[in-house]
Peer 1: 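Submitted below is the structure of interest, expressed as structure tokens.
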Amino acid sequence: MRTLREPGLIPFVIQREGEDAAPDNLLITSLGLGRYRLRYADEDPRDRDLRGVLWARCSFNPVDTDQRPTGKPQWRMMHPYRQRMTMQTMRCHVCAAPARTPLGFIFLAGPGTVDTEQIPVLTNQPPVCAKHVRAAARLCPHLDGRPMVFLAQSAPLYGVHGVLYGLGDQGVHVVARPDEPLPYGHPNLPTFLASQLVRRLGSFRVVDLGELLQELPAAA
């Protein structure tokens, strides 16, 4: 069993060296009445999420005997597909096991990075299971070992981060890179290329890491 001190423990969602963006073969199709749709020339059903939004492609490295990704970790990057999968199914971003705990779902954020008074409270970080919360706090650079901890009872899907495309004289091109995620239902989503899935924390409380580690055994 891997422990926190083992250098081999790398969160499942982290992108690895050798996992690169797929060649650009994006097209925009006119649907009539001023409506357009972004698509791949060789689109596959897996290229879209459950709400029909197109997703950025990224290659996959071979997996090891434990079916985990291989390659040097790119610590500040999440693989688009693995982020989407863990966020969509609410699985741990470290081990990909179901993330629900007796206290609810655990979401982590960098210290002081979330204003809980500003509604809605959004996150692009998949949850973490009770077993790996301590490891996640230490391994992920943006958490700095002292994360904000959100214990959420409700975290519905909100929308996606990504890039907005348009069609001009030079063909398909980037129109905007919004800082904020686009909510599902937004009129720009048909020509949007998503790279991260976002959830809204609807019912939660904030604790520090020490409090969480004390509460988890009592709740088990």
Side-chain angles (χ1 to χ4, degrees), residues 9-22 26 38 40 43-64 66-100 105-110 113-114 120-129 131-133 135-143 147-150 152 155-165 177-184 186 189 192-201:
L9 181 58
I10 300 167
F12 175 74
V13 296
I14 295 298
Q15 191 164 320
R16 309 299 186 94
E17 278 191 3
E19 294 183 323
D20 301 315
L26 291 169
L38 185 69
Y40 288 112
E43 190 167 315
D44 181 284
R46 294 169 293 182
D47 289 319
R48 294 187 182 271
D49 64 21
L50 296 177
R51 306 289 182 92
V53 176
L54 191 66
W55 273 71
R57 288 175 169 177
C58 186
S59 64
F60 295 88
N61 282 355
V63 296
D64 62 18
D66 295 323
Q67 299 302 301
R68 295 183 61 82
T70 58
K72 184 178 179 181
Q74 304 295 289
W75 284 104
R76 296 191 179 276
M77 299 175 66
M78 289 188 286
H79 190 284
Y81 181 82
R82 293 197 290 270
Q83 190 272 351
R84 169 181 152 197
M85 186 275 285
T86 50
M87 191 65 115
Q88 186 170 284
T89 59
M90 296 291 268
R91 288 179 172 267
C92 175
H93 72 257
V94 175
C95 67
R100 182 180 286 279
F105 289 102
I106 302 169
F107 291 90
L108 306 179
T113 59
V114 178
V121 176
L122 306 176
T123 182
N124 65 339
Q125 298 292 323
V128 63
C129 69
K131 176 181 178 181
H132 288 115
V133 63
R138 288 191 55 180
L139 287 169
C140 300
H142 74 282
L143 300 179
M148 295 180 70
V149 180
F150 295 83
L157 290 174
Y158 175 82
V160 286
H161 275 295
V163 178
L164 181 64
Y165 280 82
R177 301 178 186 273
D179 292 331
E180 300 299 322
L182 263 59
Y184 281 119
H186 194 284
L189 283 178
F192 198 74
L193 187 67
S195 57
Q196 292 184 353
L197 191 58
V198 176
R199 285 187 177 268
R200 173 177 60 84
L201 304 187

Peer 1: Side chains of P126 and F12: does their closest heavy-atom pair fall under 4.5 Å?
Peer 2: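 The answer is no; the side chains never approach within 4.5 Å.
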Peer 1: Looking only at heavy atoms, which two atoms of H161 and F192 are closest? And how far apart?
Peer 2: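 H161 and F192 have their closest heavy atoms at C-CE2, 3.7 Å.
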Peer 1: Looking at every non-hydrogen atom in both residues, tell me the closest pair between E19 and S59 and how far apart they are.
Peer 2: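 The pair with the smallest heavy-atom distance is CA-OG, 3.3 Å.
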Peer 1: Are M85 and R91 packed together at the side-chain level, in the sense that at least one heavy-atom pair is separated by less than 4.5 angstrom?
Peer 2: yes
Peer 1: Run the numbers on V198 and V160 for side-chain contact (heavy atoms from CB on, under 4.5 Å), then give the verdict.
Peer 2: CA-CA 5 Å; V198 176; V160 286; 5.8 Å; no
Peer 1: Evaluate the side-chain proximity of Y40 to R57: yes if any heavy-atom separation is below 4.5 Å, no if none is.
Peer 2: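 With C-beta onward as the side chain, the pair touches.
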Peer 1: Working note: F107 + Q125, criterion side-chain contact (heavy atoms from CB on, under 4.5 Å); need CA distance, chi angles, decisive distance, verdict.
Peer 2: CA-CA 7 Å; F107 291 90; Q125 298 292 323; 5.6 Å; no
Peer 1: Between atom CG of D49 and atom CD of Q88, what is the distance when rounded to the nearest 0.5 Å?
Peer 2: 6.5 Å
Peer 1: Where does the angle between the aromatic ring planes of Y81 and H79 fall among parallel (under 30°), tilted (30 to 60°) and perpendicular (over 60°)?
Peer 2: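 Ring orientation, 0 to 90° scale: perpendicular.
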Peer 1: Looking only at non-hydrogen atoms, find the nearest pair between L201 and A155 and report the distance.
Peer 2: CD2-CB, 4.0 Å
Peer 1: State, yes or no, whether a side-chain contact exists between R48 and E43 at a heavy-atom distance under 4.5 Å.
Peer 2: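 Of all side-chain heavy-atom pairs linking E43 with R48, at least one is under 4.5 Å.
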Peer 1: If I compare all heavy atoms of R177 with all of V163, which pair ends up nearest, and what's the gap?
Peer 2: NH1-CG2, 3.5 Å
Peer 1: Rounded to the nearest 0.5 Å, how far apart are CG of L197 and OH of Y184?
Peer 2: 4.5 Å
Peer 1: So if I apply the side chain to side chain contact (heavy atoms under 4.5 Å, CB included) rule between L189 and each of L54, L38, V53, L164, which one comes out positive?
Peer 2: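 The residue from L54, L38, V53, L164 that satisfies side chain to side chain contact (heavy atoms under 4.5 Å, CB included) with L189 turns out to be V53.
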Peer 1: L139 versus I10: any side-chain heavy-atom pair under 4.5 Å?
Peer 2: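 No. Closest side-chain heavy atoms not under 4.5 Å.
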Peer 1: Quick one: pull up CD in Q15 and CZ in F60 and give me the separation to the nearest 0.5 Å.
Peer 2: 10.0 Å
Peer 1: Counting distance only, does the side-chain N/O of R200 pair as donor-acceptor with the main-chain N or O of Y158 below 3.5 Å?
Peer 2: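 Answer holds: no.
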Peer 1: Closer than 4.0 angstrom, basic N to acidic O: yes or no for R46 and D44?
Peer 2: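 Between D44 and R46 there is a salt bridge, with a charged N closer than 4.0 Å to a carboxylate O.
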Peer 1: May I ask you to test the L122-N124 pair for a side-chain heavy-atom distance under 4.5 Å?
Peer 2: no
Peer 1: Roughly how far, to the nearest 0.5 Å, is the SG atom of C58 from the CE atom of M77?
Peer 2: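 Spacing of CE (M77) from SG (C58) equals 7.0 Å.
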Peer 1: So which atom in N61 and which in T70 form the shortest heavy-atom distance, rounded to 0.1 Å?
Peer 2: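 Residues N61 and T70, closest heavy atoms: ND2-O, 2.8 Å.
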Peer 1: Let's go through M78 and H93 carefully: what are the C-alpha distance in whole Å and the side-chain angles of both, what is the deciding distance for side-chain contact (heavy atoms from CB on, under 4.5 Å) to 0.1 Å, and is it a yes or a no?
Peer 2: CA-CA 10 Å; M78 289 188 286; H93 72 257; over 6 Å; no
Peer 1: As an exercise, state the distance from CH2 of W55 to CD of Q196, rounded to the nearest 0.5 Å.
Peer 2: 7.5 Å
Peer 1: Tell me, with the steps shown, if M87 and T123 meet side-chain contact (heavy atoms from CB on, under 4.5 Å).
Peer 2: CA-CA 10 Å; M87 191 65 115; T123 182; 4.3 Å; yes
Peer 1: As an exercise, state the distance from CZ of R84 to OG1 of T89, rounded to the nearest 0.5 Å.
Peer 2: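 Between R84 CZ and T89 OG1, I get 11.0 Å after rounding to 0.5 Å.
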Peer 1: Are P69 and R82 packed together at the side-chain level, in the sense that at least one heavy-atom pair is separated by less than 4.5 angstrom?
Peer 2: yes
Peer 1: Should V128 and C92 count as side-chain neighbours, where that means a heavy-atom distance under 4.5 Å?
Peer 2: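 In contact.
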Peer 1: Any idea which heavy atoms bring G162 and S195 closest together, and the distance?
Peer 2: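 Heavy atoms of G162 and S195 come nearest at CA-OG, 3.9 Å.
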